[in-house]
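Protein chains get the first letters and strands the later ones, always in sequence-line order, with residue 1 at the start of each. Just the heavy atoms: all of them, side chains too, but no hydrogens, waters or symmetry mates, feed the values below.
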Protein chains: 2
Amino acid sequence: MRSSDLPQVRSLELFKSMGDSNFDTLMQAAYLQTFPSQLELIAEGDPADFLYVVIEGCVELFARTNGRESTMGMVHPVGTFILAAVLKDAVYLMSARTCRRSKVLMVPSENIREVFQRDEAFARAIVVELASCYRTVVKEHKDLKLRTAVERLANRLLRYHVDQGESGMLELPHDKRTLASLLGMTPENLSRAFNTLKPYGVVVDGNRISLDDVEALATLAKPNPLIDDRNT
Amino acid sequence: MRSSDLPQVRSLELFKSMGDSNFDTLMQAAYLQTFPSQLELIAEGDPADFLYVVIEGCVELFARTNGRESTMGMVHPVGTFILAAVLKDAVYLMSARTCRRSKVLMVPSENIREVFQRDEAFARAIVVELASCYRTVVKEHKDLKLRTAVERLANRLLRYHVDQGESGMLELPHDKRTLASLLGMTPENLSRAFNTLKPYGVVVDGNRISLDDVEALATLAKPNPLIDDRNT
DNA sequence: TCAAGGCGTTGACTTAGATCAATTCCAGAA
DNA sequence: TTCTGGAATTGATCTAAGTCAACGCCTTGA
């Protein structure tokens with residue numbers, strides 16, 4: 001792989017604390033590939049042969065059953081996905097496709113499991129990473145079970161707003177149909193939810209949103225750190 | 001703690017492979033307590049001081065926000081809960097209450113984290129356990145996002161049916177209001193969902209259900225191993 | 001330059017599911 | 001035994017959200 005990408009990977013929490021030689025082992029076994037947009041990288045049900053790391057671009061995790069489909073999450077650089085399947089040596093529970101041209105690092109599962117045995121620090125990092133993933137899904141599950149569609153959207157907007165520096169403006173990181181699926185609703189309903197939020201100072205212009213009354217929006221959204229904070 | 005309970009705990013996947021002395025250390029630091037029914041053991045937002053193991057009885061995990069409440073899971077003997085919070089040294093994301101008089105083992109978080117460092121096998125077991133928990137929630141999330149209420153109920157009945165030996169009869173392991181909340185619906189709606197399933201051979205008598213036409217029910221439910229199987 | 005196709009929006013309508021209220025049916029306490 | 005309160009069910013109604021169809025508006029590509 002290109003050496004200019006290595007420091008990025010190394011700086012990931014997951015790989016930061018492990019020994020140099022073990023890191024090298026992993027990287028030498030890994031493949032770095034660039035994929036075109038809309039390519040299905042993995043399909044749910046397939047055995048987990050690789051741990052994936054998104055270096056550039058964007059990857060959508062989604063699930064299908066019985067003809068229906070739903071976006072389960074989005075992975076941006078530098079992030080990993082399907083760690084749990086790799087560690088359990090099980091099949092993937094989610095499919096993944098690129099949202100745009102993307103550079104992806106693929107680390108063979110065996111090597112991950114092998115180094116996990118050898119490297120104390122890596123093992124600890126994996127546990128922390130896994131626990132974080134777990135807690136993220138629990139929060140998403142709470143979000144879906146305890147809130148209406150409008151509330152989910154309002155809280156999501158507040159999150160993006162904070163992420164992007166609380167300037168009163170924000171940009172949606174994905175297109176609206178993906179956002180809708182992520183929030184568990186149809187595109188039509190998302191559009192209507194935006195209209196519902198208009199009286200709370202939410203002004204939509206394409207994928208640029210301005211929040212003219214964050215107070216009012218927060219009163220409606222009632223954000224809860226045990227659902228909305230990513231780092232608790 | 002009573003020595004008669006020890007083998008049960010020791011036989012848990014999580015504790016099975018660790019060293020004897022480390023297991024003893026954990027158990028000596030632990031408290032075994034019996035709690036009355038409906039007692040709130042932990043509240044979401046509290047720091048994770050203990051890992052819990054249900055020895056007898058039953059514990060309900062639930063979450064609240066903004067006046068609403070939802071059951072997130074049920075823990076039966078012998079099972080653990082809130083491992084992720086303990087390992088991350090973070091706050092609990094869910095609350096827990098006893099469903100009936102229950103015997104619970106409480107292992108201090110510090111000891112868990114300490115032994116995790118020392119005991120290779122324990123670390124590995126923790127990773128497998130965490131990965132399993134993670135995959136369970138992902139499946140529940142898929143269930144909720146991709147299926148209607150009736151489908152969720154149908155698949156749940158099929159699961160209980162298999163769990164209980166496929167005799168054509170099954171017993172609901174919790175009362176109906178809890179089941180409703182677990183499946184993400186109201187008690188009224190659960191009652192109507194049972195009626196909807198009547199033409200598919202589902203006969204309800206209190207918490208005893210008989211499935212007179214498993215084929216037909218399965219055709220409706222369209223079970224998916226990547227959602228419904230607990231061990232994949 | 002003009003299609004052509006995809007995304008987003010809107011309107012009309014349907015439907016799944018929630019809410020509210022009333023009733024029945026127990027199981028446990030007096 | 002009777003009383004009582006919670007669980008479950010049912011009916012009536014309401015509401016959130018999905019579906020279907022039409023349309024505008026871009027972007028892309030010939």
#### Entry: Rounded distance (Å) that lies between atom P of C/dA16 and atom CG of B/L153
15 Å
### Query
Within this structure, what is the CD-to-P distance between B/Q38 and C/dG28, rounded to whole angstrom?
14 Å
### Message
Let me spell it out: for each of B/F194 and A/V150, pick the nucleotide of DNA chain D with the closest heavy atom. Which residue's pick is nearer the 5' end?
### Response
B/F194
### Query
Quick one: do the A/T186 and A/N189 side chains pair a donor with an acceptor below 3.5 Å?
no
### Query
Does the side-chain contact (heavy atoms from CB on, under 4.5 Å) test come out yes or no for B/N66 and A/N224, once each step is laid out?
CA-CA 8 Å; B/N66 191 16; A/N224 178 339; over 6 Å; no
### Query
Once the angle between the rings of A/H76 and A/H174 is folded into 0 to 90°, is it parallel (under 30°), tilted (30 to 60°) or perpendicular (over 60°)?
parallel
### Query
Tell me: CG of A/D175 to C1' of C/dT9, nearest whole Å?
15 Å
### Query
Rounded to the nearest Å, what distance is computed from the NE2 atom of residue A/H174 to the P atom of nucleotide C/dG8?
12 Å
### Task
Specify the separation, in whole Å, of atom CD of A/E151 and atom C1' of D/dA17.
14 Å
## Note on the structure
When rounded to whole Å, the CZ to P distance for the pair A/R68 and D/dG18 reads 12 Å
### Summary
Closest of D/dT9, C/dT10, D/dA17 to the B/S191 side chain is D/dT9
### Task
Examine the side chains of A/S132 and B/K88 and answer whether a donor and an acceptor come within less than 3.5 Å of each other.
yes
#### Entry: Pairwise distance CG(A/D46) to CG(A/L93) - rounded to 0.5 angstrom
11.5 Å
#### Entry: Options C/dT10, D/dT10, D/dA8, nucleotide nearest the side-chain atoms of B/R177
D/dA8
### Task
Would you indicate, yes or no, if C/dA16 has its OP1 or OP2 atom less than 4.0 angstrom from a side-chain nitrogen or oxygen of B/T148?
no
### Message
When you measure from the side-chain N and O atoms of B/N195 to the phosphate of D/dT9, is any distance below 4.0 Å, counting only OP1 and OP2?
### Response
no
### Task
For A/L183 and D/dA16, give me the distance from atom CG to atom P, rounded to whole Å.
18 Å
### Whether A/Y52 and A/Y92 hold their rings parallel, tilted or perpendicular, with breakpoints at 30° and 60°
perpendicular
### Task
Round to a whole Å and report the spacing from CG of A/L144 to P of D/dA17.
11 Å
### Task
Classify the nucleic acid contact of B/R192 as base, sugar-phosphate or nothing, counting any heavy atom under 4.0 Å across all strands shown.
base
### Query
Within 45° of the axis and under 6.0 Å from the centre of the six-membered ring of A/F194, does NZ or CZ of A/K176 qualify?
yes
#### Entry: Estimated bend of the helix from C/dT1-D/dA30 to C/dA30-D/dT1 (axis per five terminal pairs, rounded to 10 degrees)
30°
#### Entry: Candidate nucleotides D/dG18, D/dT9, C/dG17, ranked by approach to the side chain of B/N189 - the nearest
C/dG17
### Nearest-nucleotide pick for A/E188, side chain only, options being D/dG18, D/dC20, C/dA18
D/dC20
